[in-house]
Amino acid sequence: MNIIKQIENSIKQVMTNSLKSCIKKQLLPDIKVTEISIEKPREKEHGTFSCNLAMIIVKQARMSPKKISELLIEQMDFNGTYIEKAVSAGPGFINFFLKSDWLYDNTRYILDNKGTYGQSDYGKMQKVNVEYVSANPTGPLHMGNARGGALGDLIANVLDKAGYDVHKEFYINDAGNQIDKFGKSLEARYLQEKLGEKQVAFPEDGYQGIDIINHVKEYIKSETTDLQTVDEKLRQKTLVKYALPKNITAIKNGLARYGITYDLWFTEQSLYDSGSVDKMITYLIDKGHTVEYDDALWLKGSVMNSEKDEVLKRSNGYPTYFAADLAYHYNKFYERKFDRAINLLGADHHGHAIRMEGAMEAIGIKKEKLDIVIFQLVRLLRDGEVAKMSKRTGKAISLDDLLDEVGVDAARFFFNMKQSGSHLDFDLDLAKKQTNENPVFYVQYAHARICSMLRILEEDGVKINNEEKLDFSLLIEKEEILLMEKLAEYPNEIVISANTLEPSRMTRYVHDVAALFHSFYNACRVRGIENKLQQQRINLVKATKVVLQNSLELLSITAPLKM
RNA sequence: GCGCCCAUGGCUCAAUUGGAUAGAGCGCUUGAUUACGGAUCAAGAGGCUUCGGGUUCGAUUCCUGAUGGGCGUGCCA
């Protein structure tokens, strides 16, 4: 149940009926309305919900919005709703004030449902494929992957709770050019180990990372056959076959530590093995979407709204990453029948994203079915300065380094504090601080405080499991009402996040819940008060705990019992 | 050059996707505990939403121009 949506619908119904009645009584001309929108006003004095219908139909009604709103209100019938009154305000808004029952009912609902509170059927079990991180397996995970991971995982979680059938996927780029490069880099390091560093040139565009050298050293320790004498191709292939699975395992372990697991690790190579890439290319040729020049096969720019053509098959006969990615998307939509696909990409890939979106129609997929979420790049800050290198390893800071330094909870929270479109400065010092400056601790403290409160009450001999007939009618303090209102917003926050694919609002939401709880805590005592009120407050505290737990779980952040 | 993204108090970000008096956190100032965890709370100061022009009942939001920044513009992925 999503009580906000439910009430919005009931208000829409009231508005529609009232409009009909106005027209019937010829108070208003026959007005056509396509969509009535209900909003949540910023100001408390403007009610719990408001509607701007009167202002929208000004032209059709040929009347002042103020007058229209008054007519509409006169014809309203609130029977069977939570509405207490409707008031015309400002330029012509109609503000709705609700009876407190809606909050009491919802709080009861939270305790009846606990872990499933927040779940809705908004998505109607549409099959959605969410692909994120998909890091190059030629090296360790970097900060872009870390942000994409936290964001993608939260998007997947939010869609799941909003009632979509979500599949989480990692696309392993284990074919093509960069694997060649990986092999050549390994080979060069191998020969350098064997013959001396100066004797063998390292490829100009090779992978410089120390992890390549480590792979080779380990390989030499365990090697049975000396690769110096074998054929170049076989040597590279052998080294790749040794090192690539190790890298993939490291990525899997790193992400698992980060709290991310996938339904499927899809390999690019499988698209070649099954002939899907060739089929894709043939299909595009048949459709007349391609053109040949400079010994290469190109996808026409015109079919993807681009000025430039895009290479599908290189002059050396190898298909490009772009061709494989088209085959991959064909696979998602046609072979696995997803209704929707969501890809997360760093801003450094937005060129690819635009071309992919453009090319969807060319392979027979409606472009609305593919959502590419571009997130801006990350800067790490330490002592107010940009931090590029890890202090410990001297290399670029990897996900593992970050988790060692600030922990999973802080990383997950910080990467989701900002909208994907904005650049993100990750303050390492702040993430480590165990003070009120750090929002993660603020939120977790609220949860720990609730736990310790309930523990103490129990030690006092107070019954804290009194959920048979839940009554909240004594909760009338401002702090109690505000807290209950915030708890009621939870399911809708999830729906909005799923809808916009912008779930950073969830970190703000959980922070708000914590803040309102702390206010409540300071204003309303629970311990040592009259029994009836005490029971109601205990149950409010427990409902708060449920919402904190659920939203922290959504973010993959722990909800500590004490700190 | 062209394309995409961004610009909001000192700092980091919001603004229900076009709504009412632009909100939070940090920092700053003042105050609160013989009581459930002071890792908390209450209050205050701080804004020409980068700058022009346009669209309309109404613009931080949409269009357009300028300025400043990030990224892209490969037979890389």
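Below, chain A is the first sequence line, B the second, and so on; all start at residue 1. Excluded from the calculations below are hydrogen atoms, water molecules and symmetry mates; all remaining heavy atoms, backbone and side chain alike, are included.
- Here B:U16 is the nucleotide among B:A20, B:U40, B:U16 with the atom lying nearest to any side-chain atom of A:K40.
- Between A:S519 and the phosphate of B:A42, there is a side-chain N or O to OP1/OP2 separation shorter than 4.0 Å.
- In this structure, the aromatic ring of A:F93 is positioned over the six-membered ring of the base of B:A20, centres within 5.5 Å and planes within 30°.
- Within 3.5 Å, no donor on the side chain of A:R527 pairs with an acceptor on the base of B:A35, nor the reverse.
- Scanning for ring pair (Phe, Tyr, Trp, His ring centres under 6.0 Å) contacts around A:F375 gives an empty result, with sequence neighbours left out.
- For A:Y82, the ring pair (Phe, Tyr, Trp, His ring centres under 6.0 Å) test picks out no residue, with sequence neighbours left out.
- B:U16 atom C1' lies 18 Å from atom OH of A:Y490, rounded to whole Å.
- The C1' atoms of B:U17 and B:A77 are separated by 34 Å, rounded to the nearest whole Å.
- Shown here are the ring pair (Phe, Tyr, Trp, His ring centres under 6.0 Å) partners of A:F441, two or more places apart in sequence or in another chain: there are none.
- Distances were taken from every side-chain heavy atom of A:Q419 (C-beta onward) to each of B:A20, B:G19, B:A14; the shortest belongs to B:A14.
- When distances are taken from the side chain of A:E437 to each of B:G37, B:U17, B:C26, the shortest belongs to B:C26.
- Using a 4.0 Å heavy-atom cutoff across all strands shown, A:H46 reaches at least one base atom of the nucleic acid.
- Although no hydrogens or angles enter the test, the distance criterion places no donor-acceptor pair under 3.5 Å between the side chain of A:K181 and the main chain of A:T138.
- Near-neighbour residues of RNA chain B inside residues 138-152 of chain A, defined by a heavy atom below 4.0 Å, are absent.
- A:A86 approaches A:I94 most closely through the heavy-atom pair CB-CG2, 4.1 Å.
- Sequence neighbours left out, the pairs with a member in residues 519-529 of chain A that pass side-chain hydrogen bond (donor to acceptor under 3.5 Å, both in side chains) are A:D460-A:R527.
- Across all strands shown, A:G421 has heavy atoms under 4.0 Å from sugar-phosphate atoms exclusively, and none from any base.
- Of the two residues near RNA chain B, A:L424 and A:A89, the one whose nearest nucleotide lies more 5' is A:L424.
- Every residue two or more places apart in sequence or in another chain was checked for a side-chain hydrogen bond (donor to acceptor under 3.5 Å, both in side chains) with A:K184, and none qualifies.
- On a pure distance criterion of 3.5 Å, a polar donor-acceptor pair joins the side chain of A:N95 and the base of B:A20.
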**Study point:** B/S/- contact track for nucleotides 72-77 of chain B, protein heavy atom under 4.0 Å
**Key:** SSSBSB
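- Residues meeting the side chain to side chain contact (heavy atoms under 4.5 Å, CB included) test with A:A515, sequence neighbours left out: A:Y442.
- Counting non-hydrogen atoms under 4.0 angstrom, A:Y318 reaches nothing in the nucleic acid.
- In this view, A:Y490 and A:Y117, A:Y509 satisfy the ring pair (Phe, Tyr, Trp, His ring centres under 6.0 Å) rule, not counting sequence neighbours.
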Review item, side-chain donor-acceptor pairs of residues 45-54 of chain A, under 3.5 Å, at least two apart:
none

Review point. RNA chain B in dot-bracket, Watson-Crick or G-U pairs under 3.5 Å, [ ] crossing, | other strand?
Key: (((((((..((((.....[...)))).(((((.......))))).....(((((..]....))))))))))))....
Side-chain donor-acceptor pairs under 3.5 Å in residues 346-354 of chain A, sequence neighbours left out?
unit_1: A:H350; atom_1: ND1; unit_2: A:A347; atom_2: O; d: 2.9
unit_1: A:H352; atom_1: NE2; unit_2: A:D325; atom_2: OD2; d: 2.7

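- Residues A:N343 and A:K332 have side chains that bring a donor and an acceptor to within less than 3.5 angstrom of each other.
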